[in-house]
Amino acid sequence: MTGKMGSLEMGNPEEVPKQGFSTYTMVLVCVAVAAVVGVACILGTYYLHPAYGNTGDNNLIPVTTVEPPQRDRINCIPDVEIDHEHICMQRGCTWQSTDEHGAPFCYFPENYGGYNVVSEQTFGWGLRLRMERAASRPTFFGDEILTLTVDIEMQTENRLHFKIYDPSNSRFEVPVEMPTRSAEKAENPNYDITYTNNPFTLKIIRKSTGEVLWDTSIGALIFEDQFLTISTRLPSKNIYGLGESEHHSFRHDMNWITWGLFSRDQPPSYKGNLYGVHPFYMCVENDANAHGVLLLNSNAQDYTLQPTPALTYHTIGGVLDFYMFLGPNPESVVSQYTEAIGRPMLPPYWSLGYQLCRYGYGNLSNVQEVVESMRRYQIPHDVQYGDIDYMHRQLDFTIHPTNYVGLGDWVDSLKPEGTRYIIILDPAISANETAEYYPTYQRGVDNEVFIEDENGAIQFGKVWPDYPDVTDIDTSLPWEEQVEKYRAYAAFPDFRKQSAQEWWANEVSMFHDKVAFDGIWIDMNEPASFVHGSVDGCPDNKYDNPPFMPEIWGPTIYDKTICMNSVQQVTYDMKDIHYNMHSLYGWSQTEPTLQAAENATGERSLVISRSTFPSSGKHTGHWLGDNASIWPHLYYSIIGMLEFNLFGIPYIGADICGFFDDTTEDLCRRWHQVGAFYPYARNHNGLGYMPQHPAHFGEEFALEVRDVLLIRYRLLPYLYTLFYHAHTKGSTVVRPMLHEFTSDSNTWDIDRQFLWGPALLISPVLEPETTSVKAYFPVARWYDYYTGMELSHDMLAVGGGVTLDAPLDYINLHVRGGCIIPTQTPDNSTMFSRRNEFGLIIALDDEMEASGDLFWDDGDSIGTIMNEQYYMFHYTFSNDMLTADIAHSYGNLMENLFMDHMMIYGLMEEPTRIVVTDYDTVTEISTFTFDQETMALNVNGINHAMDTGFTLKIM
Ligand SMILES: *[C@@H]1O[C@H](CO)[C@@H](O)[C@H](O)[C@H]1NC(C)=O
Ligand SMILES: *[C@@H]1O[C@H](CO)[C@@H](O)[C@H](O)[C@H]1NC(C)=O
Ligand SMILES: *[C@@H]1O[C@H](CO)[C@@H](O)[C@H](O)[C@H]1NC(C)=O
Ligand SMILES: *[C@@H]1O[C@H](CO)[C@@H](O)[C@H](O)[C@H]1NC(C)=O
């Protein structure tokens, strides 16, 4: 479930970026006017210039003689509206009107400064600078940190870590495990580092091209207790990532847009800060190299993109902790990023199947009917869900005593049929039940698991259940009043506490004895509350009323969540305030939930979390939240999916057919076509909306959905193999076109088409009543998935888009020449499809070659890769011969599994003979057909046991 109607803030009509649009040609603006005060030093190649360490001139307030171009202005009063000239002056900034739409009136003059370097020290790992605040620079919000340290750590050839922090008072740092500092710096880094002393500015340069990737000589460095800002010039306008937000293009709009980041229970809406926080971007430089940057900071923050191109961060706590990844291509950027934060989990095989959910089935017989309808049409179906209505009065770990009688038995009966069950759990625990009826809360109290206020009392908000005795609800009251009057108190487990983890695991395990669920969906973990702060609001303090509010939604920072000054565990022996930990709440719940689920099920399990943070992908997948049944949300789901692949959470999808609102048949059909290619393919519906499960629209629709899901199931061995690569090497699963064809700049803003791995291109229809689609094909051989027919070079030579037919029941799929895709005959669930014959789609490139691989394990054991309990197959095609190599084998995992068929696309002539060789055994295959029109060869009946290698020769 999830969002609640009353405080729904969606569909904020497409708010036009505050100050309008303007267009720019792509020019790299150079720092032509940078009168660099102090000495530039180059790190990496050289070390320090001997003249560093100038302590004089701290009072320097630069005299600006040259006006920066208007598009280079960095806003000096991000906290106030445009007409506050006097504040601008107080801050020592320049006030000047502008004819550049979106540019600020008040901006930092050149060399505004911030901090001056006063000393510097080299270490095995890199360099440490000490800096002091430029003395005469005005304070913005107070509590300035006067002395800062910058550690520049050259961690690897392609990873640079630079952190600006307060050396004398330890400030909050994000407890995500990152690579530890090593004694030695990288020997041969692909970056150079230069900096200036007065003021301190930092440049990071790609050695091979001289491209400046990061350059803080714009704007100002300000480091106050609750206001930290830094700006950098960017080498190009090709910026991707930074979320979680509803973006309307994958490549960022650079026209003066500010986005807030702070975990919030917020249905996707333009500019709204949503559930998760991912301050990570990838930049494609103009010469097609790529790099990535993470700001490891969890405080409420925002960032501004402007056409300079430049990026400005504001955050209200923590430290400025940056990691840069040098790529040099998009896939290696993601790989280096997930190497640092942790690789994505390998999902259980069944979780790649189709999943069905809704809030408000109402009772078990309604659920059974829906499941029955799936069987009736033999629609593939691996997972059925229970949303909060399976619970009694929405209490975690309970079953509704009348509506869901027999749930446990029914779930048991599903398993032999190949259907799994996932339950929802919300973190908030109701406090107003009797201890007899609801011991979960009492056990939590006894074990001190809940988040406390500053006085050590449990912090109470309100979430789901009403007070136990509420029977009549006066729905004419305003929502806020209803919440106050009827809703029970709720406490929030502090999942960083050992006691809370144990308590949670125990509750999960006891509930599993009643309902043998297979995975857990964790919702509302921003954490969401229906009162603001607590049942009593929040005390007046600097955290709940911070002097600077980033551009996040809500009138207060504690809007729809708990008080910022409540107290949480950070590490084993350290506590800190919710102010710092807020956006980490969902992250903190994830690993304990996966461990609890795996403990309870004894198998590899699945956690789906609404709130995520960098490194969450190690333990969870994500859905794109409470979307709506509207066409734009179908399109934005592709953007969200591409972004979460950058964030290291490739197990991602949106609610198929939309969550809020009634769907339509046309939308739901097209959404199933796209959703069949979400890594996480779940149809989920909101309370009270018209049904949208596949059978609802009648037989024809049901069979259309079945057909597109059968394509998905046929390709699952390939999808699973992509997850293996993501898990072991950090590659993306759903892949933006630009990752495979980076040198083709036409791909840089393609976000209506996407790839599965390198091989399969998906070009869906995203508009109503449309039966064609414009698709772009980069230079390669491309084959129609269904027929094997090659797209003609004439067609592709037109450049730009090709218009393809797309009848209502059809999604365009193309296979890229050079790739081999492993397949398996589909079935009604993965339990059965996993027993079927394998096949290969072999799509030849210009050299008449192709390659691919297949990863296979039992699909649901824990640690199969670590324990080497898997098979790895390598397939190569060249010189008219397919070679199947077994690179890794394990026991009798492949028993009774056969390689049965192959489609070979792109041959020049009809073969006369096909011969399979396995050691000394040579078998002639006569069951093949060749289509003269498509030039596709279809070989059947190969019937070769999977557990031995072989060759297949075409003559
Ligand atoms: C389940 O709910 C439906 C209404 O949605 C109702 O018609 C049916 O009788 C209920 N079944 C049971 C067993 O409660
Ligand atoms: C609900 O529980 C809280 C916390 O124990 C308590 O303070 C409050 O009085 C209770 N309210 C009702 C109506 O029982
Ligand atoms: C599973 O949980 C039980 C009870 O909480 C605990 O005793 C046991 O050690 C756990 N097992 C594993 C494998 O974590
Ligand atoms: C699913 O397919 C399998 C194998 O094809 C078949 O044995 C089974 O009966 C089907 N299950 C249902 C519920 O139709």
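In listed order, ligands and their atoms are each counted from 1. Here the structure is a predicted model, which means the values were calculated and not measured.
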closest protein heavy atom to atom 3 (C) of ligand 2 is Tyr489 CD2, 3.4 Å
Closest to atom 13 (C) of ligand 2 (heavy atoms only, candidates Tyr441, Phe460, Tyr467) is Tyr467
- Close approach of Gly362 to ligand 1, heavy atoms, under 4.0 angstrom: no
re atom 8 (C) of ligand 2, the protein heavy-atom contact at minimum distance is Asn432 ND2, 3.7 Å
Taking Lys415 for the side chain and Ala516 for the main chain, is one N or O donor matched with an acceptor at less than 3.5 Å?
yes
Exercise. Between Lys497 and Glu448, is there a salt bridge with N-O shorter than 4.0 Å?
Worked result: no
Answer yes when Asp860 and Arg604 have at least one side-chain N-carboxylate O distance shorter than 4.0 Å, and no when they do not. no
Q. Could an N or O of ligand 4 be found under 3.5 Å from any N or O of Asn828, whether backbone or side chain?
A. yes
of all protein heavy atoms, closest to atom 5 (O) of ligand 4 is Asp827 OD1, 2.9 Å
Is Arg835 close enough to touch ligand 4? Criterion: a residue heavy atom under 4.0 Å from a ligand atom. no
Closest to atom 12 (C) of ligand 1 among protein heavy atoms sits Asn363 ND2, 3.3 Å
among protein heavy atoms, the one nearest atom 4 (C) of ligand 1 is Asn366 ND2, 3.9 Å
Which of Arg682, Arg358, Arg610 passes salt bridge (Lys or Arg N to Asp or Glu O under 4.0 Å) with Asp655? Answer is Arg682
